Enquirer: 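Okay, handing you the structure first.
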Amino acid sequence: MRQFSAIAWLFSKGASVYLPLEHSRDIDLIALWEDRILRVQVKTSTVFRNGRYEATLATRGGNRSWSGLVKTFCPTQCDYLFVLTGDGRRWFIPATVVDGGCLIRLGGPKYADYEVEPGDTLEAMAAPRIATLAAAPAGFPSGQRGCAVNAMALPSQVRILPPP
């Protein structure tokens, strides 16, 4: 869910966005923006303390196979940190200016220059969306009636060509 907000914002800026095929501990998205390839780590935060959001950057496992090692944020592992907070505020922060391996506080002057346009709140993003289709007026049916649009080929019609 958190990646959707980052993808939408990057698209709005003209970037092409790609998702890694395998799980990556350091990169959630790859963006091609203005002829640059950007590795983006995405985080969310709902912790609001003393007028600021706290975004946890460290990974502490979360399953029984956890080795006990804490992985802290390292600015060499990605190019940008995208953070979405519970109220929909968003930041796109260059990794080189992130000052904190475990946690950063957002909403004050330190990262103010990197706050971008707000998006949907986490609550709105989690709400189920029900799509309804308007019924076609009588006399104008849509869709194919009676048989498949493209009938499957019979085995006798299939010919396998040798490689070039």
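All of these numbers come straight from a predicted model, not from anything done at the bench.
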Enquirer: Using a strict threshold of under 4.0 Å (side-chain N to carboxylate O), is an ion pair present between R89 and E115?
Expert: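 Looking at R89 together with E115, the answer is yes, because their closest N to O distance falls below 4.0 Å.
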Enquirer: Less than 4.0 Å between a side-chain N and a carboxylate O, is that true for D99 and K110?
Expert: yes
Enquirer: Taking all non-hydrogen atoms of both residues, which atom of C78 and which atom of D26 are closest, and how far apart?
Expert: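 Minimum heavy-atom separation between C78 and D26: CB-O, 3.9 Å.
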Enquirer: Please give me the minimum heavy-atom distance between A55 and L106, naming the atom from each residue.
Expert: CB-CD1, 4.3 Å
Enquirer: For side chain to side chain contact (heavy atoms under 4.5 Å, CB included), just list the numbers for I104 and L81, CA-CA rounded to whole Å, side-chain angles, deciding distance to a tenth of an Å, and then say yes or no.
Expert: CA-CA 11 Å; I104 59 172; L81 175 66; 3.8 Å; yes
Enquirer: Go through V42 and L84 one step at a time and tell me if the side chain to side chain contact (heavy atoms under 4.5 Å, CB included) criterion holds.
Expert: CA-CA 8 Å; V42 181; L84 169 66; 6.0 Å; no
Enquirer: Looking at every heavy atom in both T121 and D87, which two are closest together, and how far apart are they?
Expert: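 Residues T121 and D87, closest heavy atoms: CG2-O, 3.5 Å.
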Enquirer: Taking the six-membered ring where the residue is Trp, are the ring centres of Y53 and F48 under 6.0 Å apart?
Expert: yes
Enquirer: Identify all side-chain donor-acceptor contacts of residues 6-18 below 3.5 Å with residues at least two apart in sequence or on another chain.
Expert:
| residue | atom | partner | partner atom | Å |
| --- | --- | --- | --- | --- |
| W9 | NE1 | E117 | OE1 | 2.6 |
| S12 | OG | W9 | O | 2.6 |
| K13 | NZ | E117 | OE2 | 3.1 |

Enquirer: Which heavy-atom pair separates Q41 from D28 by the least distance, and what is that distance?
Expert: OE1-OD2, 2.8 Å
Enquirer: Are side-chain heavy atoms of W91 and T85 found at a separation under 4.5 Å?
Expert: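 Side chain of W91 against side chain of T85, heavy atoms only: contact under 4.5 Å found.
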Enquirer: Identify the heavy atoms of Q77 and I27 that sit nearest to each other, and give their distance.
Expert: O-CG1, 3.8 Å
